[in-house]
Trainee: 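If you scroll down you'll find the structure; I have some questions about it.
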Amino acid sequence: MRQLIDECAPLIFRAVSDIGITEEQILSLLGPATDTRLADVAMPCHSLAAIFQKPPVDVSEEISGLISTFLEGIALTSSMNGFVNLKADPAWLSARAMKLLPDERLGVSKEKPRKVVVDYSAPNVAKEMHVGHLRSTVIGDSIVRMLEFKGHDVIRENHIGDWGTPFGMLIEHLIDIGEDDFALDKGISDFDQFYKEARSKFDNDEFFANRSRSRVVLLQSEDDDTLRLWRVLVNVSTSYFNEVYDMLGVLLDDRDLMGESAYRHLLPQVVERLEKSGLLEESDGASVVFLGGKWVNRKGEPFPVMIRKGDGGFNYSTSDLACIIDRVERLSCDDLLYVVGTPQKQHFEMVFEVASRAGLMQNWHNAKHVNFGSVLDSNGQMLKSRTGQSVKLVDLLKEAIYRADESISEKNPGLTENDRERVSKMIGIGAVKYADLSTDRSKDYTFDWDKMLSFEGNTAPYLQYSHARICRIFSLSPLSRADVKNANIIIQTEEEENLARCIVNFSEAVDNASSTFHPHKLCTHIHSTSSAFASFYEACPILKSDDHTILKSRLALCDLTARTISTGLGLLGIQSPEEM
RNA sequence: GGGCGUGUAGCAUAGCCUGGAUAAUGCACUGGCCUCCUAAGCCAGGGACCGCGGGUUCGAAUCCUGCCGCGCCCGCCA
């Protein structure tokens, strides 16, 4: 309840300045109440007790008595157990809620724009997309949407794995099976098989392995025919990625592609600049940077960042440094976000450290590894398919849609074929995304079909259902959504009060989620809102209320709730069906 | 061996950054509520030495420290 604190703090200070409490003390003590039944905002007075030489209970009572008239119309004041408790006055809540009625943004402010590069998704060419890419794609998409909503200039970058030594064997395998067949067959089928066949030939066939190695050299020297074959692999892969992105409903498209190949001409420059800054050292024939400090290997010896391998090739640290140069110098970005799994934490720490020391980015650049945990099955193991392979993303999405379709067919047989198909896609995909986004991204997450597709609990279908219910109410209502924009919101019941409180707090939830890149904070808030709505819906007749002003007021709350849910879900990349 | 992370009811999680009251939510469980706007819902209830031990503090799930369990990383893969 940031808004309530902001409004109350100066008034409290005015009320208590006589007894010698400073504004700093008030601001540091005021905070969200832990017990939300008692208060929205609380001020513990235990630390003041020592100063006044009185028990905390007496201090809180005294302060409560002094401030209550100053906060009239804003918050209701009480005291208990040494706490001053402030509960938002229903009149204040309704005034705040009414302000949001004509506001498309539901009170969410825009910030001073920063230019933010978000690096996410990053599938590999000629490889299947799996659940790891799902997390990066879904989390990245949501972060992009939140940052754009907050007014930032966001540049999406899909750093696909489209360069490097594996492409020797992939191109040779492509030649073997014939490129025409490949392009025709591979549309949305099995890349894993293609990759595995290539790998197997590389490992078992010395002649093939030698061809592959020569092919890498040709690729790196940009031989025309080799590049042409390489493009076949890239094009078929990216059109496949696009099909998956389309199915997922994320913002990524071809314009966002910035694969590793895009940085290959910058790699020698990285070496040059590190050399010039004196960071580069030779070690066992390779060029490396030793950072010292906590970065030591098993034997306690310094552990380096590999810049140029002994064979003259570059690897991923070099490529990431080239990316930083490009993003800082060509794009002039302020922030660099990397939506990549937690296992690569150390890698990014080291790369950022090298980039800073080499002056590739400045203090005011904010480079952040937006890490995420692994996807586990119900046994706490990394999620695998029945055959022990990593799960193909398309299969997973298809199953989600299929399962959603089954549920809807059973629960609402009245839907037309067309609507059912459209809605099952929204629900199935929404369920997968929400399950991923609703827990702290930095922790591992447990994948569970039944839970994510359940229409109960903290799931997308539950939230979508709340939204659909409200749309249904308006379809039966004498007043339209537009008609209630000027409504006088009257809060009479506890359920109306709780709902209004959720609606008013939406902007704060968006700010918390976007500033920390933690979408689950937004999920938690939308779920509370939905839950408050369900209670309101049971307790407060809407269309059946006999008083027209109450009807209008409650419909206004419905409108705000629906927009809170759909805007919130929208920021998570999830659609809100109007019926389901 | 070093580094990083993690441990909260039967299960899945939030709260930890920035210390406050009887630790929150969902599933599951128990008991209620459909001639009434979608019961895909609501209401009520039981269930937790917040991994273990120390420390700091008026006050610790939260901060510090030591253990224990689990996971990831530690030179030419990305």
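Since the model is a prediction, treat every value here as computed from it, not as a measurement. Note on naming: letters A, B, ... go to the chains in the order of the sequence lines (proteins, then strands), and numbering restarts at 1 for each one.
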Trainee: Which is true for I408(A) with a 4.0 Å heavy-atom rule: it touches a base, it touches only sugar-phosphate, or it touches nothing?
Mentor: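 Answer is nothing: I408(A) stays at 4.0 Å or more from every strand.
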Trainee: To the side chain of F83(A), which of C37(B), A21(B), G15(B) is closest?
Mentor: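 Comparing C37(B), A21(B), G15(B) against the side chain of F83(A), the answer is A21(B).
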Trainee: Let me know the distance between CZ of R472(A) and C1' of C37(B), rounded to the nearest Å.
Mentor: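 Value for this atom pair: 8 Å.
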Trainee: Quick one: what's the B/S/- string for nucleotides 62-69 of chain B, heavy-atom cutoff under 4.0 Å, read 5' to 3'?
Mentor: --------
Trainee: Under 4.0 Å between a Lys/Arg side-chain N and an Asp/Glu carboxylate O for E157(A) and R327(A)?
Mentor: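 R327(A) and E157(A): salt-bridged.
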Trainee: In plain terms, say whether R472(A) and E579(A) are close enough for a salt bridge, that is, a side-chain N and a carboxylate O under 4.0 Å apart.
Mentor: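 Result for this pair is no, no salt bridge flagged.
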Trainee: May I have the distance from R441(A) (atom CZ) to U6(B) (atom C1'), rounded to whole angstrom?
Mentor: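 Going from CZ in R441(A) over to C1' in U6(B) covers 15 Å.
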Trainee: Considering only atom C1', compute the distance from C70(B) to C33(B) and round it to an integer number of Å.
Mentor: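 Those two atoms are separated by 45 Å.
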Trainee: Please set out all donor-acceptor pairs under 3.5 angstrom arising from side-chain atoms of residues 279-291 of chain A, sequence neighbours excluded.
Mentor:
| from | atom 1 | to | atom 2 | distance (Å) |
| --- | --- | --- | --- | --- |
| E282(A) | OE2 | S287(A) | OG | 3.2 |
| S287(A) | OG | R308(A) | NH2 | 3.4 |

Trainee: Classify D450(A) by what it touches in the nucleic acid, base, sugar-phosphate, or nothing, heavy-atom distance under 4.0 Å.
Mentor: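 The residue D450(A) makes no contact with any strand.
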Trainee: With a sphere of 6.0 Å drawn around CD of E495(A), does it hold more than 12 non-hydrogen atoms of other residues, nucleotides or ligands?
Mentor: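 Check passes, neighbour count above 12.
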Trainee: Using a strict 4.0 Å threshold on nitrogen-to-oxygen distance, state whether E260(A) and R264(A) make a salt bridge.
Mentor: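 The answer is no: the pair does not qualify as a salt bridge.
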Trainee: Between atom CG in L291(A) and atom C1' in G3(B), what is the gap in whole Å?
Mentor: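 The distance from CG of L291(A) to C1' of G3(B) comes to 14 Å, rounded to the nearest Å.
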Trainee: Which pairs with one or both residues in residues 526-540 of chain A pass side-chain hydrogen bond (donor to acceptor under 3.5 Å, both in side chains), sequence neighbours excluded?
Mentor: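 Residue pairs passing side-chain hydrogen bond (donor to acceptor under 3.5 Å, both in side chains), neighbours aside: S466(A)-S530(A).
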Trainee: Please give, in whole Å, the distance from A12(B) P to D377(A) CG?
Mentor: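 Value for this atom pair: 11 Å.
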Trainee: Not counting sequence neighbours, list each pair that qualifies as a salt bridge (Lys or Arg N to Asp or Glu O under 4.0 Å) and has a residue in residues 45-59 of chain A.
Mentor: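 The answer is K54(A)-E62(A).
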Trainee: List the residues meeting salt bridge (Lys or Arg N to Asp or Glu O under 4.0 Å) with K294(A), not counting sequence neighbours, and say none if there are none.
Mentor: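 Scan of K294(A) (salt bridge (Lys or Arg N to Asp or Glu O under 4.0 Å), adjacent residues dropped) gives E349(A).
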Trainee: Among C4(B), G15(B), G7(B), which is the nearest nucleotide to the side chain of K294(A)?
Mentor: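 For K294(A), the side-chain atoms sit closest to C4(B).
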Trainee: In whole Å, what separates the P atom of G41(B) from that of A48(B)?
Mentor: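 About 27 Å, rounded to a whole number of Å.
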Trainee: Protein within reach of the bases, or only the backbone? For nucleotides 70-78 of chain B, mark each nucleotide 5' to 3' as B, S or -, using heavy atoms under 4.0 Å.
Mentor: --SSBBBSB
Trainee: What's the gap between G66(B) and A24(B) when it is taken at their C1' atoms, as a whole Å value?
Mentor: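 Per the computed distance, 30 Å lies between those C1' atoms.
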Trainee: Students often get this wrong, so: under 4.0 angstrom with heavy atoms, is C471(A) touching a base, only sugar-phosphate, or nothing?
Mentor: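 Here C471(A) touches no strand at all.
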Trainee: Does OP1 or OP2 of U13(B) have a side-chain N or O of T446(A) closer than 4.0 Å?
Mentor: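 True: T446(A) side-chain N/O within range (under 4.0 Å) of U13(B) OP1/OP2.
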Trainee: Grab the NZ-C1' distance between K411(A) and A40(B) for me, whole Å please.
Mentor: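 In whole Å, A40(B) C1' lies 5 Å from K411(A) NZ.
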Trainee: Would C4(B) be called syn or anti, given that syn covers angles within 90° of 0?
Mentor: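 C4(B): anti glycosidic orientation.
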Trainee: Mind checking if L476(A) touches a base, just sugar-phosphate, or nothing, with heavy atoms under 4.0 Å?
Mentor: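 Sugar-phosphate only.
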Trainee: Would you call H46(A) stacked on G20(B), i.e. ring centres under 5.5 Å apart with the planes less than 30° off parallel?
Mentor: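 Here H46(A) meets both the 5.5 Å and the 30° conditions.
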Trainee: Between F517(A) and F372(A), does the ring centre distance come in under 6.0 Å?
Mentor: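 No, they do not, as the ring centres are separated by 6.0 Å or more.
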Trainee: Please confirm whether Y120(A) and H159(A) have ring centers closer than 6.0 angstrom.
Mentor: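 No, too far apart.
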Trainee: Categorize A539(A) for me: base, sugar-phosphate, or nothing, with a 4.0 angstrom heavy-atom threshold over every strand shown.
Mentor: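 Touches nothing.
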Trainee: Side chain of S47(A) only, please: which of G20(B), C37(B), G15(B) is the nearest?
Mentor: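 My answer, after comparing the listed nucleotides, is G20(B).
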Trainee: Just the rounded figure in Å: distance from P of C17(B) to NZ of K443(A).
Mentor: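 Atom-to-atom, K443(A) to C17(B), this comes out as 13 Å.
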Trainee: Going by the rule ring pair (Phe, Tyr, Trp, His ring centres under 6.0 Å), which residues pair with F536(A) if we only count those two or more places apart in sequence or in a different chain?
Mentor: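 With sequence neighbours excluded, F536(A) shows a ring pair (Phe, Tyr, Trp, His ring centres under 6.0 Å) to F533(A), given in chain and number order.
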Trainee: Tell me: CG of L29(A) to P of A21(B), nearest whole Å?
Mentor: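 Rounding to the nearest Å, CG of L29(A) and P of A21(B) are 14 Å apart.
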Trainee: Respond yes when some side-chain nitrogen or oxygen of S28(A) is under 4.0 Å from OP1 or OP2 of U18(B), and no when none is.
Mentor: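 Checking U18(B) against S28(A), no side-chain N or O comes under 4.0 Å of OP1 or OP2.
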Trainee: Would you please indicate if the ring centroids of H173(A) and Y195(A) are separated by under 6.0 Å?
Mentor: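 Not close enough - the centres of the two rings lie 6.0 Å or further apart.
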Trainee: Where along nucleotides 22-34 of chain B does protein come under 4.0 Å, by heavy atom, of base (B) or sugar-phosphate alone (S), with - for untouched nucleotides?
Mentor: ---SSSS------
Trainee: Map N85(A) and K345(A) onto RNA chain B by nearest heavy atom, then report which one ends up closer to the 5' terminus.
Mentor: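 It is K345(A), whose closest nucleotide lies nearer the 5' terminus.
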Trainee: Nearest-nucleotide wise, let me know which of L38(A) and W295(A) is further upstream toward the 5' end of RNA chain B.
Mentor: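 Here W295(A) is the residue nearer the 5' end.
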Trainee: Could you tell me whether the phosphate oxygens of C42(B), OP1 or OP2, come under 4.0 Å of any side-chain nitrogen or oxygen in Y462(A)?
Mentor: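 Looking at the OP1 and OP2 atoms of C42(B), one of them is under 4.0 Å from a side-chain N or O of Y462(A).
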Trainee: List for me each residue that meets salt bridge (Lys or Arg N to Asp or Glu O under 4.0 Å) alongside D450(A), sequence neighbours excluded, and say none if there are none.
Mentor: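 For D450(A), the residues satisfying salt bridge (Lys or Arg N to Asp or Glu O under 4.0 Å) (neighbours in sequence not counted) are R403(A).
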Trainee: Considering only distance and modelled atom types, tabulate donor-acceptor pairs under 3.5 Å from the side chains of residues 422-430 of chain A, sequence neighbours left out.
Mentor:
| from | atom 1 | to | atom 2 | distance (Å) |
| --- | --- | --- | --- | --- |
| R422(A) | NH2 | D419(A) | OD1 | 3.3 |
| S424(A) | OG | D405(A) | OD1 | 3.0 |
| S424(A) | OG | R420(A) | O | 2.4 |

Trainee: Of all the base pairs, Watson-Crick or G-U under 3.5 Å, which form stems of three or more consecutive pairs involving RNA chain B?
Mentor: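 The stems that RNA chain B takes part in, listed by first number, are B:1-7 with B:68-74, B:10-13 with B:24-27, B:29-33 with B:41-45, B:51-55 with B:63-67.
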Trainee: For a quick check of understanding: with a heavy-atom distance under 4.0 Å over all strands, which category does T524(A) fall into, base, sugar-phosphate or nothing?
Mentor: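 Result for T524(A) = nothing.
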Trainee: Once you round it to whole Å, what is the distance between P of C43(B) and OH of Y537(A)?
Mentor: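 For the pair Y537(A) OH and C43(B) P, the rounded distance is 14 Å.
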Trainee: Are Y316(A) and H347(A) an aromatic pair by the rule of ring centers under 6.0 Å?
Mentor: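 Here the rings of H347(A) and Y316(A) have centres that are less than 6.0 Å from each other.
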Trainee: What side-chain donor-acceptor pairs closer than 3.5 Å can you find for residues 298-307 of chain A, not counting sequence neighbours?
Mentor:
| from | atom 1 | to | atom 2 | distance (Å) |
| --- | --- | --- | --- | --- |
| E301(A) | OE1 | N297(A) | ND2 | 3.3 |

